[in-house]
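Written out below as structure tokens is the structure these notes cover.
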Amino acid sequence: QVQLVESGGDLVSPGGSLTLSCTASGFTLQYYAVGWFRRAPGKEREGVSHISNRDNGKYYGDSVKERFTIFRDNAKNRVYLQMNSLKPEDTAVYYCAAKRAGDASYDYWGQGTRVTVSS
């Protein structure tokens, strides 16, 4: 069965850290570009970070630069999103998605994991 599963969402205080995981099954994630997205309450989905499958080039949205880091663990068929210095405005459901190189749209999406930043 082909699927992506996110995990690691939690309630955390402002200034805290979390690491989200995106685990693939049924396909080899290292051959796919992976993106992290989030949807905050009442807002549209936002692209957070992306890692390519060719040179592992990384992209970060302006709101998370210098605070979030995306990286792969190919042995575990996972991509992680390490989030530091969390702010209340980072509160959202976070989704990962995977696509083959050259595809215009993402082929697989996870179900999301909730991150709440609150004191």
Side-chain angles (χ1 to χ4, degrees):
Q1 183 180 2
V2 173
Q3 63 176 352
L4 284 174
V5 177
E6 303 94 336
S7 61
D10 205 346
L11 170 64
V12 62
S13 299
S17 298
L18 279 177
T19 300
L20 306 183
S21 300
C22 172
T23 303
S25 58
F27 68 104
T28 304
L29 197 57
Q30 74 178 92
Y31 301 126
Y32 288 71
V34 176
W36 281 98
F37 299 83
R38 66 187 181 187
R39 188 188 296 274
K43 295 187 177 181
E44 294 189 355
R45 188 177 67 197
E46 173 189 11
V48 174
S49 184
H50 171 94
I51 186 167
S52 77
N53 62 310
R54 291 174 175 170
D55 58 1
N56 277 335
K58 301 171 183 178
Y59 159 85
Y60 298 97
D62 288 341
S63 62
V64 306
K65 280 180 182 176
E66 308 298 331
R67 300 188 298 123
F68 290 11
T69 303
I70 190 170
F71 60 99
R72 295 181 183 271
D73 184 338
N74 292 333
K76 293 185 177 179
N77 215 23
R78 269 179 204 161
V79 169
Y80 295 94
L81 184 69
Q82 182 179 342
M83 308 186 296
N84 297 326
S85 303
L86 283 162
K87 305 175 181 180
E89 51 263 44
D90 294 317
T91 295
V93 177
Y94 284 72
Y95 302 87
C96 67
K99 65 175 180 176
R100 298 176 187 86
D103 280 4
S105 59
Y106 285 86
D107 301 290
Y108 308 116
W109 287 84
Q111 83 292 344
T113 186
R114 185 175 301 276
V115 172
T116 303
V117 185
S118 175
S119 54

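Just so you know, these numbers use all the heavy atoms, side chains as well, and skip hydrogens, waters and symmetry mates.
- Atom OH of Tyr31 has 12 or fewer neighbouring heavy atoms from other residues, nucleotides or ligands inside a 6.0 Å radius.
- Note on Tyr60: it clusters hydrophobically with Trp36, by side-chain heavy-atom contacts below 4.5 Å among ILVMFWY residues.
- Residues Ile51 and Arg72 meet the side-chain proximity criterion, which asks for heavy atoms closer than 4.5 Å.
- Judged by distance alone, with hydrogens and angles left aside, the side-chain atoms of Asn84 form no donor-acceptor pair with the main-chain N or O of Phe68 at under 3.5 Å.
- Residue pairs that meet the disulfide (SG to SG under 2.5 Å) test with at least one member in residues 64-119, sequence neighbours left out, are Cys22-Cys96.
- For the pair Asp62 and Lys65, the salt-bridge criterion is met [side-chain N within less than 4.0 Å of a carboxylate O].
- Residues Val79 and Ile70 have side chains in contact (heavy-atom distance under 4.5 Å, counting atoms from C-beta outward).
- To the nearest 0.5 angstrom, Gln1 atom CD is 11.5 Å from Phe27 atom CZ.
- Between the Thr69 side chain and the Gln82 main chain, no donor and acceptor come within less than 3.5 Å of each other.
- Pairing each heavy atom of Ala98 with each of Leu4, the nearest pair is N-CD1, 3.7 Å.
- Residues satisfying the side-chain contact (heavy atoms from CB on, under 4.5 Å) criterion with Ser7, sequence neighbours excluded, are Ser21.
- Side-chain atoms of Glu46 and Ser63 include a donor-acceptor pair closer than 3.5 Å.
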> Can Lys76 and Thr23 be said to form a side chain to side chain contact (heavy atoms under 4.5 Å, CB included), step by step?
Replying inline: CA-CA 8 Å; Lys76 293 185 177 179; Thr23 303; over 6 Å; no

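- Contact between Ser52 and Asp55 at its shortest, heavy atoms only, is OG-OD1, 2.7 Å.
- With a 4.5 Å cut-off on side-chain heavy atoms, Arg67 and Lys87 count as touching.
- Here the closest heavy-atom approach between residue Val93 and residue Gly112 is recorded as CG1-CA, 3.9 Å.
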> Would Gln30 and Asn53 satisfy side chain to side chain contact (heavy atoms under 4.5 Å, CB included), going step by step from the backbone distance to the final call?
Replying inline: CA-CA 6 Å; Gln30 74 178 92; Asn53 62 310; over 6 Å; no

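- Residues Thr28 and Asn77 have side chains in contact (heavy-atom distance under 4.5 Å, counting atoms from C-beta outward).
- Taking hydrophobic clusters as Ile, Leu, Val, Met, Phe, Trp and Tyr residues chained together by side-chain heavy-atom distances below 4.5 Å, Tyr32 shares a cluster with Val2.
- Annotation for Ser17 and Ser85: closest pair OG-N, 4.3 Å, computed over non-hydrogen atoms.
- For an aromatic pair to be called close, the ring centres must be under 6.0 Å apart, and Tyr94 with Phe37 fails this.
- With hydrophobic clusters built from ILVMFWY side chains whose heavy atoms lie under 4.5 angstrom apart, Val64 shares a cluster with Val12.
- Leu81 contributes atom CG, which lies 8.0 Å from atom OG1 of Thr19 (distance to the nearest 0.5 angstrom).
- A 4.5 Å side-chain heavy-atom check between Val34 and Tyr80 finds every atom pair outside the cut-off.
- Criterion: ILVMFWY side-chain heavy atoms under 4.5 Å apart, direct or through other members. Under it, Val117 and Leu20 are part of a common hydrophobic cluster.
- Between His50 and Tyr106, the ring-plane angle classifies as perpendicular under the 30° and 60° cut-offs.
- In terms of the side-chain contact (heavy atoms from CB on, under 4.5 Å) criterion, residue partners of Ser119 (sequence neighbours excluded) are, by chain and number, Pro14.
- In this structure a side-chain-to-backbone donor-acceptor pair under 3.5 Å is missing from Arg38 to Val115.
- Each of Tyr95 and Val5 belongs to its own hydrophobic cluster when Ile, Leu, Val, Met, Phe, Trp and Tyr are linked at side-chain heavy-atom distances under 4.5 angstrom.
- Checked for salt-bridge contact, Asp10 and Arg114 miss the test: no charged N lies under 4.0 Å from a carboxylate O.
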